[in-house]
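What follows is a single structure, written as C-alpha cells, with notes after it.
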Number of protein chains: 2
Amino acid sequence: MKRDIEIAQEAAIEPIVEIAKRLNVSADDLELYGKYKAKLPLSLIDEDKVKKAKLILVSAISPTPAGEGKTTTSIGLAMAMNKIGKQTAVVLREPSLGPVFGIKGGATGGGYSQVIPMEDINLHFTGDFAAVEKAHNLLAALIDNNLQSKKHNLNLDPRTIAWKRVMDMNDRSLRDTVIGLGGTANGVPRETGFDITAASEVMAILCLSKNIADLKEKLGNIFVGFTFDGKPIYARDLNAHGAMAALLKDAIKPNLVQTLEGTPALIHGGPFANIAQGTNTLVATKMGMSLSDYVVTEAGFGFDLGGEKFLDIKAKYAGLSPVAVVLVATTRALKYHGGLSLKEVGSSNVEALKKGLENLEKHIENAKLFNITPVVAINKFTNDTPEDMAAIVEVCKRHGVMAYEANVWAEGGNGALELAKAVVEIAEACNTQFQPLYDWNESIENKISTISTRIYGADGVDYQPKAKSALKKIASLGLNHLPVCMAKTQKSLSDNPNMLGRPKNFTITVRDIEIAAGAGFVVPITGEMMRMPGLPEEPASNNIDIDSNGNISGLF
Amino acid sequence: MKRDIEIAQEAAIEPIVEIAKRLNVSADDLELYGKYKAKLPLSLIDEDKVKKAKLILVSAISPTPAGEGKTTTSIGLAMAMNKIGKQTAVVLREPSLGPVFGIKGGATGGGYSQVIPMEDINLHFTGDFAAVEKAHNLLAALIDNNLQSKKHNLNLDPRTIAWKRVMDMNDRSLRDTVIGLGGTANGVPRETGFDITAASEVMAILCLSKNIADLKEKLGNIFVGFTFDGKPIYARDLNAHGAMAALLKDAIKPNLVQTLEGTPALIHGGPFANIAQGTNTLVATKMGMSLSDYVVTEAGFGFDLGGEKFLDIKAKYAGLSPVAVVLVATTRALKYHGGLSLKEVGSSNVEALKKGLENLEKHIENAKLFNITPVVAINKFTNDTPEDMAAIVEVCKRHGVMAYEANVWAEGGNGALELAKAVVEIAEACNTQFQPLYDWNESIENKISTISTRIYGADGVDYQPKAKSALKKIASLGLNHLPVCMAKTQKSLSDNPNMLGRPKNFTITVRDIEIAAGAGFVVPITGEMMRMPGLPEEPASNNIDIDSNGNISGLF
C-alpha cells in the first residue's frame, strides 16, 4: 500500500496558474509562492457572488482514536462535485507545524484525497503561521517592555496578564515558565507560558477578520490584563495593533493550492477547535464563494464543537448561510462509540455499531436544530461490510436523512459521486433556511445554557467560583453581547471525555470563562484544554528527512 | 527630506523575472514569492563561473553610534559598477525582524541606495528566519522531550545543555527563564533562555553550508551537552538533523530582489557578527558569482570582526578569494573615534578627524595582512568639507591606499562612480593573492593569539578559568582544528568598548570558549555579548502601521 507522501509526490501537479484559470483568476492577480502555491488578493472577494454561491459544511460525529477523516472526505467530496459538473472549490484550514514532528506527520488529507504540494503545505506553507506567531509575540514583548517602562508605564499588574507567548512546536516544557530572570536589565520576573500558535487569539482573529481594517480593529481589542487600579488594558493601549497588522499583511491573503485531481483548494488559517472556532479564515471561505459555484468547507472536531461554532459564530460574523451539512463517520468510530476498544473496531460487530449510532443520531438532531438537513458520509475502510452500511442507512432513514459510502481515500472523487449528487440535490432544493441556535443579545449564561442543553444534551450548567467572577468581569467590560465559543473536550458530547455514544444525565461544569475580546467571543472552559502538545516518546521527526536533491520523506 | 520608505515606495520596481533575465536566469528557474521576490535553485551555482567572477568585500572601520553605512555603500557601489559597464550583483544579509520593532525600523540600505521591496524584505521576507527559528526550536523540543523519555533517554545532564531556544523578537524578558514547571507532565524544570534568531547556530550553519547534504551533516554536528557520565551528545544523537534540514529546504535557496536602480540583489541569511560570522550565506555569494562578473558583498561590523571572519572562515570553507576590500567610514564616525561626542560630530573639526583616522589606518593595515589592498569609501554626509576629505586622502596615501567619496545615499550609483572605477581597477589588476591570517591546524590558543595581536593590536591574551577548561573540552572533543570566530565588542579594536581610535597596551581577555561544532568554529568570548536585544522605551512598533489597502508605514 502506498504511503500518502508517495501518492502525493507521484501526482501530476499542475502549475497553480492553471488551477487559478479554472477560477477565472488571471496569473496577474496571483502572488505566486513557487510554481504550485499562490496567495489571492482580498480584492477578488465579490459579495454578490458570495450570496449566490452554495456553502457545504463538512462536520463529523464525536472524534475517536479510530479516526473519521473529515479533511479527506471534504477533499474527496469537492473532487466528486467537480466530476458531476458542479464547479466546486474546497476550503480548509492549514496544518500546524508542531504536530507534524509529533505524531501526525502531516494534515493534508489522505490516500487519493489529498491537497498538494503536501510537503510545502505541511512545512511553513506560505508563512501564515509564522506571521501569526510573530504578531502574537510582538504584543507579548511590548507587554513585558511596558512593565519596566519609566515614561510610558501603564501600571499593568503582572499577575493579571492573560497574554502568553506562542510557538508552533510541540514543546511541553514551555507550558509553564518563569521569565524576566537575571536582574533589572532583563525585565520583570513573572510566571507565564507558551501555547502552540494555533491556539493564539491572533489566529482566531485572523480567521474572523473581513479585511485589514477589521483585522487591525480586532487586534486592538485584545484584552491584555488590568492595571493595579483595575482599569482594563487592551492591545491598542500599547499601540500594538498597527505593527501586528503589518506583520499579517500577507497572512491575511488566502492561499490557493490544488487537490490530487486538480480541484482548487483554498487552505488558509488554522485556529484550534477546542478553545477557538476551529475553521479556516472567513476571507478564504468568501474567496472560494466568490470564485466557485460551490464551496466545501470543514470545521474541527465533531458537529457539537466545530459545527455549532461555525454556524453560531463564523456564519454570523461573515453573513454566510450554509445550505447543507455533511456528517462524516466511520464504522470503526461508530463501533468505538458502541463500546469496542481500538483493537476490536476492525472486526465486524453490527451490534456495537448500532449502539454507537446513537452518537451520530444526536449530531443529526443537532444539525436540524439549525434548520439544516444533514447528509451522512461513511468514510469507507476496506473491511466495512454491507451489514454495517445497511444498519447506518436504516438509522439515518428514521431521521429522514440519507447516508452514503464515501470511498475517497482509495478512489478520490470517484468514491463520492453518490454523496456529491445528494449534497447538490439538497443545496439546489434550497428548502433549508439556516437559523442560528441563539441570539447573541441573550446573556452569557443563557447562551451557554442553550448550547449545553440543546446541543450537548446536558441537564444544566454548573459554574465554579472562577467562572462566576469571570461572568462579572465580562459584564463590567461590556462584553455580554459576544457569542460563546465553548472549550469542551471533543471526545464526548458531554464535558467528560470518557462518556462516549450519547451521554445522558450530566451537567456541564464551567470552570472559568476566558475573554477573547479581539476575536469577538468569550470562551467558557469546561475542562483541561491542551494548548501546547508534547512530543511523543518516538517523535515523527525521527523519520522526517531530506535527500541531497531536496526531496522530503517521512511526512506520513 | 524624503524618508527611506517613501523613496522605496515611489520607486519604479521591476518584475523580478526582468531582473533575473539580467542574470541570464529564465523565469522557469525562479521560485517566485509574489512579483518582486524569488528564490533561486542551488543548481544554478556554477563552480567554474565562481572561479572567474570577482568578489569585492565591503567592510568598515570600528562602528560608532554616528553610523558608517556599510550596507548603503555596498548597494551604491554595486549600482555604480553596473553604470560603468561591469555586470555586478550585490549580495547581502537579510534583516532580522526583531530589531525592526525596536530601534532600527529596517535594514535595507538608505536614501537612493536601497534594496526593494523594502517592506517585504524587512517583514518576514521569504520566511528564511522563521525556518531557522523552527529548525532551532525543534532541536530544543527534542532535547527536553528526551530528558523525560523512558525508552530512549540519552542520560543527558540538563545542567550541561548548551542549546537554548530562539525567537526573532527583541524580547529581553526571555533572556533568562525557567522552563518545565508545572509537574511531571510538563517536562523537567531547568534554567535556560532565548536568543534572537540571528544568533542561532542554525543560522550560522545555514550560512556556511554548501548544499543540502552539507547542511544536514553540519546540523547533525551541533553539540548539545554531556551525559551524566561525560559523553558528548550531538544533534544527530537525537535524530534531529534530518527533520531540521527538511525545515530548511527552502531557506537554503538564495533570495533575489533588486536595488532602486534595478541591480540584482541576493539577500540571504543573517548571522550575528559578534558571536558568528556576520555575513550572508555561502550559497548566495557563490550564486552571485555564478550569475555575475562582479559581486559586491558585505560583512558585519568593522574589518577586525566581519572582515577577519569572512577571510579566515567563510572564504576558506567556500574556497573563495576576494580581490578587493572596501573600507567604509564617515567623517562623523572618524571624528567620534577622534574623541568628539555624538553631538559634536556634525560640526567641522579636522583635528578630531585626523586623530580618529588612526582607527581607519589600523583597519587598512589589517586588510593588508591578508595581502589585499583596500580602497577607502567615505560615505558622504551633507556637511562634509573638502578639508575633511583632503585629510583622509592624505593619510590613506601614506598607506598606498586610495580614498573616495561615496555619495550613494543622495545619488545612488551616480554617487560612487569614482569608487567603482578604483575597485574595478584593483580587481582587474589581479596582483593580489589573498592569503588567510592563520592556519586552521594551529592550536586554538595560537589562532586566538594571532588574531588578537596582529588584528586587534593586543599585547597578548589572558584566559579566565572557564576558558581554560573550555580549551580542554574542545581538545577532548577533537575540535582543535576548527577556526576561531571571535566574540568581541564591535565598538573597539580591543575587547573594551570604551577604547576608541587605535587602542594600545591592552590584552584580550578570553572568558569562555563556546563550541559551534555544527557551524564549524569555536567562539572565544571576550565580553558580554548581546544575544537577545530589548525593546526601547518607545519602540519603533509604535509608528509601524498598515492602511486598509495594505500599505505599510513607519518602517523608517
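By convention in this document, chain letters (A, B, ...) are assigned in the order of the sequence lines, proteins followed by strands, and residues within each chain are numbered from 1. Here the structure is a predicted model, which means the values were calculated and not measured. All values below were derived from every heavy atom in this structure, side-chain atoms included, with hydrogens, water molecules and symmetry-related copies excluded.
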For B:R175 and A:N186, run side chain to side chain donor-acceptor pair (under 3.5 Å): C-alpha distance rounded to whole Å, both residues' side-chain angles, the deciding distance at 0.1 Å, then the answer.
-> CA-CA 7 Å; B:R175 285 176 192 153; A:N186 290 2; 2.9 Å; yes
Q. Can you say whether the rings of B:Y33 and A:Y33 are parallel (under 30°), tilted (30 to 60°) or perpendicular (over 60°)?
A. tilted
State whether the number of non-hydrogen atoms from other residues, nucleotides or ligands found under 6.0 Å of A:Q148 atom CD is greater than 12. yes
Under 4.5 Å to a heavy atom of chain A? For B:F129 that would be neither
In terms of heavy-atom pairs under 4.5 Å with chain A, the winner among B:A38, B:A243, B:P539 is B:A243
For A:H152 and B:E538, indicate whether the former's side chain and the latter's backbone hold a donor-acceptor pair under 3.5 Å. no
Of A:N549, A:L535, A:T177, the largest count of non-hydrogen pairs under 4.5 angstrom with chain B goes to A:L535
| Residues A:M169, B:E133; criterion side chain to side chain contact (heavy atoms under 4.5 Å, CB included); working and verdict | CA-CA 11 Å; A:M169 190 61 65; B:E133 188 168 313; over 6 Å; no
dist B:K134:NZ -> A:L97:CG (nearest 0.5 Å) comes out at 6.5 Å
Cut-off 4.5 Å, heavy atoms of chain B, and the answer for A:K216 is side chain
Honestly, the part of B:K150 sitting under 4.5 Å from a heavy atom of chain A is both
One should read off an interatomic distance between A:I546 CD1 and B:I212 CD1, to the nearest 0.5 angstrom, of 4.0 Å
Rounded to the nearest 0.5 Å, the CG atom of A:L123 sits from the CG atom of B:L248 at a distance of 10.5 Å
When rounded to the nearest 0.5 Å, the distance separating CG of A:L247 from CZ of B:F101 is 3.5 Å
Q | Derivation of the side chain to side chain contact (heavy atoms under 4.5 Å, CB included) call for B:L181 and A:E191 | A | CA-CA 10 Å; B:L181 299 171; A:E191 284 184 66; 6.0 Å; no
So, the part of A:D168 with a heavy atom under 4.5 Å from chain B: the answer is both
| query | Between A:K37 and B:E31, does at least one N-O distance fall below 4.0 Å, as a salt bridge requires? | reply | no
Within residues 135-144 of chain B, the residues sitting under 4.5 Å from chain A by heavy atom, in sequence order, are B:N137, B:L138, B:A141, B:L142, B:D144
Heavy-atom side-chain contact between B:R165 and A:S173 under 4.5 Å:
yes
Electrostatic pair B:D120-A:K249, nearest N-O below 4.0 angstrom: yes
Whatever's closer than 4.5 Å to a heavy atom in chain A on B:L238 counts as backbone
Looking only at B:A130, B:P41, B:G550, B:A131, most heavy-atom pairs under 4.5 Å shared with chain A are made by B:A131
Given B:G193, B:G180, B:A240, the one with more heavy-atom pairs under 4.5 angstrom with chain A than any other is B:G180
Checked A:G127, A:G182, A:S149 vs chain B; the most non-hydrogen pairs under 4.5 Å come from A:S149
Exercise for review: Verify, without hydrogens or angle tests, whether A:N145 (side chain) and B:P536 (backbone) share a donor-acceptor contact under 3.5 angstrom.
Suggested key: yes
Heavy-atom nearest pair, A:A246 first then B:D545, reads CB-O, 4.4 Å
Among A:S553, A:G242, A:G534, the residue with the most heavy-atom pairs under 4.5 Å to chain B is A:G242
Scored by heavy-atom pairs under 4.5 Å with chain B, the best of A:R172, A:H241, A:E119 is A:R172
Okay, A:I552 and chain B: the region with an atom under 4.5 Å from a heavy atom over there is side chain
Closest non-hydrogen contact found for B:K35 with A:D28 is NZ-O, 2.8 Å
When the 4.5 angstrom heavy-atom criterion is applied to A:L42 and chain B, the contacting part is neither
Counting heavy-atom pairs under 4.5 angstrom with chain B, the leader among A:D176, A:L174, A:N542, A:N239 is A:D176
